[in-house]
Amino acid sequence: MSTPQLTVVGLGSGDPDQLTLGVWRRLQASERVFVRTAQHPAMSMLTENGIAFTSFDTLYEQHDSFPDVYKAIAETLIAEARGSAGNAGSSSLIYAVPGHPMVAERTVQLLREQCPEAGIELQIIGGESFLDQAFVSLGIDPIEGFALLDAAELQPSLLQPQLHTLIGQVYDAFTASDVKLALMERYPDDYEVVVGHALGVASEQQIIRVPLYELDRTPGYGNLSLIWVPRTDDAALRNRSFERLHEIVSILRSPEGCPWDREQTHQSIRKNFIEELYEALEAIDNDDPDGMQEEFGDVILQVMLHSQMEEETGAFSVYDVIQSLNEKLIFRHPHVFGELNASNSEEALGNWEQMKAEEKRLKGTDAGRNSVLDGIPPDLPALMKAYKLQKKAAKVGFDWDELGPVLDKIEEELAELREAIASQSEEEQASELGDLLFAVVNASRFIHADPEEALSRTNKKFRSRFAYIEEQLRISGKQFDQTDLTEMDRWWEEAKRHL
């Protein structure tokens with residue numbers, strides 16, 4: 001029995017004149033021709049010359065998705081090739097696809113993967129792809145930078161404004177709408193894009209320039225449609241990319257960059273990190289989107305600067321930081337990216353903690369820790385540190401069972417503070433105050449309130465009520481030295497009723 005054979009040929013990008021002589025001779029000599037679709041201009045030559053063919057167009061109606069169609073086509077062709085082995089003409093089984101077989105043709109990729117396992121000898125003969133006609137009709141020189149993307153799998157992260165971008169497989173207005181939404185993540189709504197229909201087919205070719213927001217309102221989408229997004233060096237578009245940020249920071253730190261930035265070290269800008277974080281928190285607390293946009297950028301800048309310093313020593317780059325973060329997020333969310341389940345936030349948090357512990361075990365990061373309280377950053381604000389210390393101790397059973405004894409402890413510490421104030425030194429008074437605050441933090445855990453956030457809300461409430469007192473003084477034409485505690489306390493009570 002002879003080895004089963006299957007030959008894949010390209011029909012060119014559209015016009016029958018683009019069909020290569022080699023492919024045409026193969027089609028004429030073949031006894032069995034399969035075509036992915038009969039909806040292609042080159043098929044007229046086969047019909048006119050009496051070349052019989054079998055189309056897979058019916059499979060598009062039988063299946064719910066393109067992947068299912070392509071899978072069915074590959075399976076059918078493999079079965080046909082194996083069934084014809086040993087018969088006369090077994091070497092003349094042809095599968096013809098639009099354009100070039102190796103350009104945006106998923107069925108051919110499936111055949112390349114599966115034919116060796118099925119014992120089938122696969123031969124691929126190229127043809128003119130839609131790219132050839134796109135370069136000619138649109139005037140694109142790919143050496144300037146070029147990307148070919150699939151409309152069905154288009155993601156904003158794949159878009160690079162400095163490259164000519166051709167988007168294929170734009171079969172209909174619905175697909176064009178998805179493309180438009182993805183492009184709007186990187187390009188202005190009025191950015192000019194080009195729609196090409198049947199490029200290279202003299203009687204059908206259309207080239208339409210439209211603003212991006214009208215992309216899905218343009219008629220004529222079909223099997224021979226594509227979208228071209230011309231390259232640009234527009235600084236506003238470049239500045240929307242992470243790569244541009246990395247480039248800017250590296251320039252600032254370079255010998256030709258900013259003298260101040262070059263002089264900085266991890267320690268010299270350490271305090272800036274803390275300040276930027278607090279300014280970002282203020283924007284969050286004020287529910288200020290514009291402020292958040294700016295302050296989040298300042299926080300990212302601190303990450304970029306510290307990462308750039310390490311990149312200069314060869315230790316790591318910001319891309320290593322991003323990779324580590326992505327891997328950590330995937331590893332710690334097995335209920336999203338793995339096999340575990342989480343029906344609520346409590347179960348999700350349990351999965352997180354479980355995977356976090358497993359991560360530490362695998363890395364051996366717990367080996368050098370002598371206490372269950374290790375691992376808390378030493379520079380955390382005291383209130384936050386107390387909260388974390390208590391949570392770690394509670395995990396090993398060092399905790400009260402209920403809130404009642406916690407409240408009793410607060411009363412006990414308050415009594416000791418009163419006693420210290422009456423008879424002890426300031427140092428001992430401060431110590432008792434610390435004990436009281438620590439006990440209050442314990443209470444916050446039992447009522448599921450973060451003490452830092454609770455105190456922040458109270459601080460904000462105090463500021464707004466005190467501002468009311470200042471406003472009443474202004475209305476009354478008074479200064480603070482012209483009022484007394486009784487009057488201010490009255491205004492304070494008014495503020496409590498209104499704020």
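Pairs engaging residues 448-457 under the side chain to side chain donor-acceptor pair (under 3.5 Å) rule: none recorded [sequence neighbours left out].
A 6.0 Å sphere centred on CZ of Arg244 holds more than 12 heavy atoms belonging to other residues, nucleotides or ligands. Taking a 6.0 Å sphere around CD of Glu153, one finds it holds 12 or fewer heavy atoms contributed by other residues, nucleotides or ligands. For Phe316, the CZ atom sits in a packed shell: over 12 heavy atoms of surrounding residues, nucleotides or ligands are nearer than 6.0 Å. Heavy-atom contacts from other residues, nucleotides or ligands closer than 6.0 Å to CD of Gln293 number 12 or fewer. For Asp64, the CG atom sits in a loose shell: 12 or fewer heavy atoms of surrounding residues, nucleotides or ligands are nearer than 6.0 Å.
Formation of a donor-acceptor pair under 3.5 Å by the Arg262 side chain with backbone atoms of Arg253 is not found in this model. A distance-only check finds a donor-acceptor pair linking the side chain of Asp57 to the backbone of Ala38 [under 3.5 Å]. Remark: the backbone N or O of Leu237 is not paired with any side-chain donor or acceptor of Ser241 at under 3.5 angstrom. A donor-acceptor pair under 3.5 Å is absent between the side-chain atoms of His63 and the main chain of Ser65, judged by distance alone.
For the residue pair Glu128 and Ser13, a side-chain donor N or O sits within less than 3.5 Å of a side-chain acceptor on the partner. Using a 3.5 Å distance cut-off with no hydrogens or angles, the side chains of Thr175 and Asp178 do not pair a donor with an acceptor.
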- side chain to side chain contact (heavy atoms under 4.5 Å, CB included) between Tyr95 and Arg36, worked out: CA-CA 8 Å; Tyr95 173 49; Arg36 180 167 63 77; 3.3 Å; yes
